[in-house]
Amino acid sequence: MQQGSRLKEATEGTISQFTSKIGGPFKIAKPVFQEKRLKLFSEIYQRQQAELKQMQQTPIKITLKDGKQIEGKKWVTTPLSIALGISKKMAENMVAAKVVYETIFEKSFVDVDHEETSSQASSTIHQKPDYLIWDLTRPLEGDCSLELLSFDDKNGQEVFWHSSAHILGAALEEIYGCHLCIGPAIEGGFFYDCYIGDIKVTQNDYVKIEKAAQDLVAAKQEFQRAILTKEECLEIFGSNPFKRQLITNKIPDGSLTTAYRCGNLIDLCTGPHLPNTSYVKAFQITKNSAAYWLGKNTNDDLQRVYGITFPNKKLLDEYVKIQKELAQRDHRNVGKKQNLYLFHQLSPGSAFFYPSGAHIYNTLMNFLRRQYYIRGYQEVISPNIFNAQLWKISGHYDKYKENLFFINMGEEGEYGLKPMNCPGHCLMFDMVQHSYRDLPIRFADFGVLHRNEVHGALTGLTRVRRFQQDDAHIFCRMDQIQDEIKNCLDFLSYIYSLFGFEFKLYLSTRPEKFLGTKDVWDNAEYQLEQGLKKFGKHFEINPGDGAFYGPKIDVKLYDAYKREHQCGTIQLDFNLPERFNLQFRASEDVHEVQQDKETVHNEQIQVAQEIIDIHRKESHQSDQAEGDVLSTPPRHLQEQSEQPGELKVQSTHSLQSDKVLEQQQQQYQQLQLQQHSHSASSLLHKKQKLPEELLESGSSQALSNHELHKVLHEKKYELGYHHLKPGFARPVIIHRAILGSLERMIAVLTEQCGGKWPFWLSPKQLILCPVSAYYRDVAEKISARLRLEGYTVNTDESDQTLAKKVRNAQVQYYNFVGVIGEEEVRTGVIDIRDCEKNTRIGKLTIPQLCKFFESLKPPKSKVEMEIHEHDDTHLKLNDELQDKVFLDGDGFVVGPRDYEQFPKVKEIDPALQNLIRWQKHMTFLIKQDQQKLQQQE
């Protein structure tokens, strides 16, 4: 298995086809095509094995992970033979090998189930030496470093589950006689897509699929590898239209690929695989779903079957146990049980948040808002709908059009609901002129976003159409990038620590299709890499997975069950500032600024005169040809219209000629309109450069003041290269999200907490339980008092027993219960109990309870602690100065004696130093008065 981004989520790809449906009629039957397929494969496999034995078997050196060197033979020694030489028991636990060759000997093979990569997309970021994941039974081909991999290794798991996918494919083929499509390993198992016409796989089929798979496992079938030409592939897979399409489109003529055999199954694959099927000790089908060929809903419907396997039964039992717990924690179930959020068929992909859910939603936003104020962010509000021209300039229209909701506004053109905030923030930055002193500018936006996700992909809160993000865009200078990246990572680390999340960082570099130049991308990747190094946490390179507009830092967080979630991201963007022509003044030199103004003013005067001349010319032409624009035909049409005798002959031929003439005339009229529109567009483009003072001058005699003012203040945004004005520079944008979609994060938190929300986030912090109806009024007054302090408090006014009320509070996931009876009312306290721990906190007054609740709020961030530490330091310095400087002073000027006795006086604020000088002066005056009195006496 060579390095590459294997398709894991869907059978996607860029495959050309003439028709959407290629599967054709289907009926369940025995896979009669297997016999021919096996015969062709066996002939090729036997021939290649014979050729392998004839290869020159020269000595090679194999270096193990611990540095030990082993002698081997080229084309003979295998990783499995080396493992057996070390320990038989160890060999049984190995599933694959990681090999780094000093010289690559193997040929390049096309992998039809990998996404294609381009050499142009390769990044300059330093990466580790390329390695190959190697079959244990495949002979080594030269001097190399070798590491044996077990199931515990991530690459080992992928090999194990990829081999299991082939076992699943063989079982599906035996049961249904289906056309297999693609079956990759994924995070937490594997799946296989198959075509069985209109037939559906159901849970009732799981038992027979598992039985067929277990029979193959028991047979201890070897995984055999063969190298195939494109022609051999087409012959072997001639009966499978889906495989034929992959072969035809993804394997260039003259190229080679590989296939593996497992029992009766033969499948296109670059491997590697397990030595044989007996390594799989536990096999289970987990779920099934519908899918589309190539992930497109216009293509054939497929059936997707998911599975999981392990090298021992104990691991499967643990997996089953965890899955049951996760099912209970599923955010859709918890949300319904706690009345947090629900969905309705009349608004698919859009959650209805009830009061408790809205409390969690708003608490998250308000907590972030407080952090924004502390960290120098400015919250903004931007429109929800924009003209489609905005998305064309940003590049989202071409790359992202199918995921946008569009609205036809008639004469105003096409508008779309925003799926992200960055283009709107670019407009906000552009509408106000900024100096280099203003940067960085950090815009934060909780605006509502809409994305047109496919209906079948909608999944609870994790995949929605309507959502909000903790979205921010930082406009900064080049010299500020690394510090801003580090600050973003510090912010992210603090937020994730509050919820007990672990996270990993990945630097995703230039993809195959990207905006901008290679040099710009190389610089952007370098800046991100340096920012990551400043942050200090280990990160990995994720080549070719950057956004189309810039490289990014992907943040994968892990919950209590070690499940991976993609929420936060930090992306560097040099392209949007260029596309929107964003600029800031890079110099404050007065002479340079005045020179710039004079240059621009002279250019605008010249443009204004050109506009006047063009306007006069067009006005003159339009007076002469006002009626001709829509009526004057080309000369050959005029000549034909001057021959009425010929046009009177109404034959079939003449009728067809009339239609042709009519079409030509319409085309001519459209061309005239386009030319007129282009001329007007050119005029408007030039009007943009008019200065404000021209509106008041006589130069605008050919255009009305209203027209000039409108053009001047309604900037025309156009796609293209934009030159910087003298003395100006272009900012860099950092796209930053920490929680990402609030909906997705609430889903993750729901399952992380299991519905037991941390106190500061909980919609049910306290419930007061009066021991009888007599104390309800008191309980309600206390509840109102605590709500005034900002806590979510309810009162249980039911007639149930106190024990039943406490039990109900625990079932409803309240954090605390407060009991109010005769003694509590008499002494002015509340008896507080912890619902989760089922322990008694004690009897607290309202101030004591508020102080206790205050202690349960999130810990202060590093930024907050530094601010408080700064304040504490100044207070301490002030106290020390009172003792050591004021009383020992010799006037209102801080002298050398003061610096010698108390050097820290240099570290305090100038304002505080002025206070010191004043107090020292007063001390000096007092001493003078005392001396005068003594002299008089």
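Looking only at side-chain heavy atoms (C-beta outward), His565 and Lys556 stay at 4.5 Å or farther from each other. Within the 4.5 Å cutoff, side-chain heavy atoms of Ile746 are placed close to those of Tyr341. Residues Leu557 and Met745 have side chains in contact (heavy-atom distance under 4.5 Å, counting atoms from C-beta outward). Considering only heavy atoms from C-beta on, Ile322 stays 4.5 Å or farther from Tyr319 through its side chain. Counting heavy atoms from C-beta outward, Leu148 and Leu136 have side chains that approach closer than 4.5 Å. In this structure, Glu173 and Asn264 have side chains that are not in contact, with every pair of non-hydrogen atoms separated by 4.5 Å or more. A heavy-atom distance below 4.5 Å is not found between the side chains of Val100 and Glu147. When side chains are defined from C-beta on, Val748 counts as touching Phe501, because their heavy atoms get closer than 4.5 Å.
Side-chain atoms of Asp135 and Thr137 include no donor-acceptor pair closer than 3.5 Å. Defined by atom type and a distance below 3.5 Å, a donor-acceptor pair is present between the side-chain atoms of Glu325 and Tyr561. Checking Gln49 against Gln224 by side-chain atom types alone, no donor-acceptor pair falls below 3.5 Å. Between Asn240 and Tyr195, the side chains place no donor N or O within less than 3.5 Å of an acceptor N or O (distance only, hydrogens not considered). Under 3.5 Å, the side chains of Tyr506 and Asp545 contain no donor-acceptor pair of N or O atoms. Side-chain contact annotation: Ser508 with Asp554, donor-acceptor N/O pair under 3.5 Å present.
Between the CZ atom of Phe160 and the CZ atom of Phe190 there is a distance of 9.0 Å, given to the nearest 0.5 Å. Atom OG1 of residue Thr286 and atom OH of residue Tyr306 lie 8.5 Å apart, to the nearest 0.5 angstrom. Taken from CG in Asp317 to NZ in Lys314, the straight-line distance is 9.5 Å, to the nearest 0.5 Å. Between Leu256 atom CG and Thr229 atom OG1 the span is 7.0 Å, to the nearest 0.5 Å. We find the SG-CD1 distance between Cys233 and Ile266 to be 11.0 Å, quoted to the nearest 0.5 Å. Taking NE2 from His331 and CG from Leu326, the interatomic distance works out to 13.0 Å, rounded to the nearest 0.5 Å.
Using a 30° and 60° split on the angle between ring planes, His273 and Phe223 fall in the parallel class, below 30°. The aromatic rings of Tyr260 and His166 lie perpendicular to each other, with more than 60° between the two planes, well past the 30° mark. Ring pair His179/Phe242 is tilted by interplanar angle, where 30° to 60° counts as tilted.
The backbone N or O of Val334 lies less than 3.5 Å from no partner atom in the side chain of Arg329, so there is not a single donor-acceptor pair. Using modelled atom types, one side-chain atom of Thr459 and one backbone atom of Ala457 make a donor-acceptor pair closer than 3.5 Å. For Lys230 (side chain) and Ile251 (main-chain N/O), a donor-acceptor pair under 3.5 Å exists by modelled atom type. Formation of a donor-acceptor pair under 3.5 Å by the Tyr279 side chain with backbone atoms of Val95 is not found in this model. Checked by atom type and distance alone, the side chain of Asp153 never pairs as donor or acceptor with a backbone atom of Ser150 at under 3.5 Å. In this structure, the side chain of Gln752 engages the main chain of Phe499 through a donor-acceptor pair within 3.5 Å. Judged purely by atom type and a 3.5 angstrom limit, Asp300 uses its side chain to pair as donor or acceptor with the backbone of Ile22. Judged purely by atom type and a 3.5 angstrom limit, Lys21 uses its side chain to pair as donor or acceptor with the backbone of Asn299. Proximity of a side-chain donor or acceptor of Lys65 to a complementary backbone N or O of Leu146 within less than 3.5 Å is not detected. The backbone N or O of Cys269 lies less than 3.5 Å from a partner atom in the side chain of Thr258, making a donor-acceptor pair.
Cys181 and Tyr192 make their closest contact through N-CE2, 3.9 Å (heavy atoms, listed as atom of the first residue, atom of the second, distance). Across Ser239 and Phe33, no two heavy atoms sit closer than the pair OG-CB, 3.4 Å. When all heavy atoms of Cys262 and Leu216 are compared, the closest pair comes out as SG-CD2, 3.8 Å. The heavy-atom pair separating Lys281 from Pro311 by the smallest distance is CG-O, 2.8 Å. Contact record, Asn333 with Ala327: ND2-O, 3.1 Å, taken as the closest heavy-atom pair. Residue Val464 comes nearest to Gly349 through the heavy atom pair CB-O, 3.1 Å, listed as atom of the first residue, atom of the second, then distance.
Look at Lys208 and Asp205 and you find a salt bridge, because one of the NZ, NE, NH1 or NH2 atoms lies within 4.0 Å of a carboxylate O, short of that distance. Between Asp66 and Lys68, none of the side-chain N atoms (NZ, or NE/NH1/NH2) sits under 4.0 Å from a carboxylate O, so this pair counts as no salt bridge. Ion pairing between Glu187 and Arg563 fails under the 4.0 Å rule for side-chain N and carboxylate O. Taking a cutoff of 4.0 Å between a charged side-chain nitrogen and a carboxylate oxygen, Glu743 and Arg451 do not qualify as a salt bridge.
A 6.0 Å sphere centred on CD of Gln284 holds more than 12 heavy atoms belonging to other residues, nucleotides or ligands. Atom CD of Glu51 sits in a crowded spot, with more than 12 heavy atoms from other residues, nucleotides or ligands closer than 6.0 Å.
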Steps toward side chain to side chain contact (heavy atoms under 4.5 Å, CB included) verdict (Thr569, Val555) | CA-CA 6 Å; Thr569 185; Val555 186; 5.8 Å; no
Please test Trp161 against Thr309 for side chain to side chain contact (heavy atoms under 4.5 Å, CB included), starting from the C-alpha separation and ending with a verdict.
-> CA-CA 7 Å; Trp161 285 333; Thr309 56; 3.2 Å; yes
Given side chain to side chain contact (heavy atoms under 4.5 Å, CB included), test Thr77 with Ile62 step by step and report yes or no.
-> CA-CA 10 Å; Thr77 304; Ile62 302 146; 4.0 Å; yes
List the steps and the verdict of side chain to side chain contact (heavy atoms under 4.5 Å, CB included) for Phe151 and Asn93.
-> CA-CA 8 Å; Phe151 179 79; Asn93 293 326; over 6 Å; no
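Under the side chain to side chain contact (heavy atoms under 4.5 Å, CB included) rule, Leu180 has a single partner from Leu168, Asp193, Leu265, which is Leu265.
Every salt bridge (charged side-chain N to carboxylate O under 4.0 Å, His left out) that Lys211 has, sequence neighbours left out, goes to Asp215.
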